[in-house]
Protein chains: 2
Amino acid sequence: MPFTYEYPRPALTVDCVVFGFDEGDLKVLLIERDLKPFAGRWALPGGFVNLDETIDTAARRELAEETGLTEIYLEQLYTFGTVDRDPRERVVSVAYYALVKLEDHRPRAATDARKAAWFNVDDIPSLAFDHAEILDTALRRLKGKVRYEPIGFELLPEKFPLSQLQHLYEVCLEEPLDKRNFRKKILGMGLLTETDEVQQDVAHRAARLYRFDSRRYQQLKKRGFSFWL
Amino acid sequence: MPFTYEYPRPALTVDCVVFGFDEGDLKVLLIERDLKPFAGRWALPGGFVNLDETIDTAARRELAEETGLTEIYLEQLYTFGTVDRDPRERVVSVAYYALVKLEDHRPRAATDARKAAWFNVDDIPSLAFDHAEILDTALRRLKGKVRYEPIGFELLPEKFPLSQLQHLYEVCLEEPLDKRNFRKKILGMGLLTETDEVQQDVAHRAARLYRFDSRRYQQLKKRGFSFWL
DNA sequence: TCAAAAGTGTTAACCATACACCCATGC
DNA sequence: GCATGGGTGTATGGTTAACACTTTTGA
């Protein structure tokens, strides 16, 4: 069932950089390739774009197929199109990055048909294709964007202690933050609502859990508020 | 000379949003289509990506071919891939935005083979395809990015008075700026070098001209400086 | 001499930073 | 009772925002 065109066309794929946050470490979900080029190497989940789906849809579909992840934060990152990024033929890839609440998705990764695993972002194996460059671009984007958009919450569970949020920001901003100043600033924005729950099973005083109020963020944004950390 | 593939492939194009700044107005360069879909409508310059060129190269080539512009600031914007953005068939387009010093390129536009013209960004005609959406995305990106990267200078001539720079920022930030505070801040960064020239042919006191020192910016950036306005 | 824009400093409010101790809990 | 992190306030310095008049030049 061949398809013929008057001019040659590059193949079009999507690749996804899936970030998670766990115990103070930023992690990325990788998949071990079983097919020909770079077989056995780790790679970003991804695949070909079908003609009857948008590229966003293709990214979500591939993620669901290869990692079981659905209903997650997903955003287009950049399109990679150097001539020989794929040794077989010309392939242009639209890269996405995704943020997942690791708590909800921990077991899935290792037990799937395709071998998938979480890697700490500063301990990444050699990757297939130009995926190291894609990952690098995604990391820079994430680290830049957490400052001015409240996307960090996508990496935390529904309810979280402030210290966890602070750790996340310390990793992203690559600098230690003062506990009191951090609390003042983040609580002062009025985007977090206190729950009546506290941490469970910790060997010290349990911290109060908070929830991000995205309704409220939308309201404030309309009124000219801008998130900044 | 047909090309055949096992699976169907979308066509891949680039489209460019070219910004210029003139007499206090932000402008965009558009081209009148002569070919079939949307013939006679205004559109962004762009075209198909060849197999032997990167997408960046394709964008520069199309710009040169259709508008004569070369050696300009060009950056990838976003990739647009909804299923029926082109009525003929599936076409995915990687959009770029470009910043040009309008002074240098004024005459070219109207005299070329293809009809090209500069339009004020808030007086844009009905555009072909989804080019209105692309333009909108580019505008948001530009307005966001001028705050934290010194790209505004790409829109001004080599030597410019501070008032012109201020007008540019007023348009991009969509708010009036205080003249004294603006000068203090921008001069305080140490990125502008005073020339010994002044405006010519103005019907009032001529303003001193400044030049952006991008060498110095690169140095400062390495030392942790970050541009902010 | 008038019009039009250039150029120039000070003050007050606000915001960001630095900093240290007591508290609650589980072991 | 001790180790571990949770939780809290103040003082200071720096940054930003508001604000008006004089100067230069060409018409």
Side-chain angles (χ1 to χ4, degrees), chain A residues 21-25 146-148 156-157 159-211 220 224-229, chain B residues 21-25 146-148 156-157 159-211 220 224-229:
Chain A
F21 184 72
D22 186 35
E23 328 227 334
D25 290 319
V146 288
R147 285 177 176 278
Y148 62 90
L156 298 179
K159 300 165 188 173
F160 52 86
L162 290 185
S163 58
Q164 212 176 120
L165 185 63
Q166 182 178 338
H167 286 136
L168 173 56
Y169 274 97
E170 287 175 329
V171 170
C172 289
L173 306 184
E174 295 171 325
E175 61 183 357
L177 300 173
D178 178 85
K179 183 166 52 159
R180 280 176 289 191
N181 293 337
F182 180 80
R183 288 168 163 261
K184 231 182 302 170
K185 200 154 166 186
I186 202 85
L187 290 175
M189 292 182 190
L191 295 175
L192 299 185
T193 57
E194 194 174 304
T195 71
D196 49 7
E197 294 172 59
V198 295
Q199 285 178 311
Q200 299 299 323
D201 305 317
V202 285
H204 53 78
R205 175 175 175 182
R208 159 139 289 126
L209 302 183
Y210 290 81
R211 183 201 309 274
L220 289 175
F225 166 86
S226 59
F227 184 88
W228 188 261
L229 214 135
Chain B
F21 183 71
D22 186 35
E23 328 226 335
D25 289 319
V146 288
R147 284 178 175 279
Y148 62 90
L156 297 180
K159 300 165 188 172
F160 52 86
L162 290 185
S163 59
Q164 212 175 120
L165 184 62
Q166 182 177 339
H167 285 139
L168 173 56
Y169 275 96
E170 288 175 328
V171 169
C172 289
L173 306 183
E174 295 172 326
E175 61 184 356
L177 300 173
D178 178 84
K179 183 167 49 158
R180 280 175 290 189
N181 293 337
F182 179 80
R183 287 168 164 260
K184 231 180 302 169
K185 200 154 168 186
I186 202 85
L187 290 176
M189 292 182 189
L191 295 174
L192 298 186
T193 56
E194 193 173 304
T195 71
D196 49 7
E197 294 172 58
V198 295
Q199 285 178 312
Q200 298 300 321
D201 305 318
V202 285
H204 54 78
R205 176 176 176 181
R208 159 137 289 127
L209 301 183
Y210 290 81
R211 183 201 311 274
L220 290 174
F225 166 85
S226 58
F227 184 89
W228 186 260
L229 217 136

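Since the model is a prediction, treat every value here as computed from it, not as a measurement. Letters A, B, ... mirror the listed sequences (proteins, then strands); counts begin at 1.
As a whole-Å value, the separation of A:Arg183 CZ from C:dA16 P is 18 Å. Distance B:Lys184 NZ to C:dT11 C1': 10 Å, rounded to the nearest Å. If you measure from atom CE of A:Met189 to atom C1' of C:dA16, you get 13 Å, rounded to the nearest angstrom. The CG atom of A:Leu173 sits 12 Å away from the P atom of C:dT17 (whole-angstrom rounding). Spacing between atom CH2 of A:Trp228 and atom P of C:dT17 amounts to 12 Å, rounded to whole angstrom units. Put simply, CD on B:Glu23 is 12 Å from P on C:dA5, counting in whole angstrom units. Rounded to whole Å, atom C1' of C:dT11 lies 12 Å from atom CG of B:Asn181. Rounded to whole Å, the distance from CZ on B:Arg205 to P on C:dT8 is 8 Å.
B:Val171 and B:Phe21 make their closest contact through CG2-CE1, 4.2 Å (heavy atoms, listed as atom of the first residue, atom of the second, distance). For A:Leu209 against A:Thr195, the heavy-atom pair with the smallest separation is O-OG1, 2.8 Å.
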- Query: After noting the C-alpha distance and the side-chain angles of A:Phe227 and A:Leu220, does the key distance pass the side chain to side chain contact (heavy atoms under 4.5 Å, CB included) rule?
  - Reply: CA-CA 9 Å; A:Phe227 184 88; A:Leu220 289 175; over 6 Å; no
- Message: side chain to side chain contact (heavy atoms under 4.5 Å, CB included) for B:Val146 and B:Leu229? Distances and angles first, verdict last.
- Response: CA-CA 8 Å; B:Val146 288; B:Leu229 217 136; over 6 Å; no
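Results of the side-chain contact (heavy atoms from CB on, under 4.5 Å) test with A:Pro161 over A:Gln166, A:Gln199, A:His167, A:Arg208 single out A:Gln199 as the only residue that passes.
No donor-acceptor contact under 3.5 Å links the side chain of A:Lys179 to the base of C:dT17. Taking only distance into account, the side chain of A:Arg180 meets the base of C:dA20 through a donor-acceptor pair shorter than 3.5 Å.
Ring geometry for A:Trp228 versus B:Trp228: interplanar angle of 30 to 60°, hence tilted.
With a heavy-atom cut-off of 4.0 Å to chain A, the contacted part of DNA chain D has its first and last nucleotide at D:dT4 to D:dT10.
With DNA chain D read from its 5' end, the first of the two nearest nucleotides for B:Asp178 and B:Lys185 is the one closest to B:Lys185.
Between the side chain of B:Gln200 and the backbone N or O of B:Val198 there is at least one donor-acceptor pair closer than 3.5 Å.
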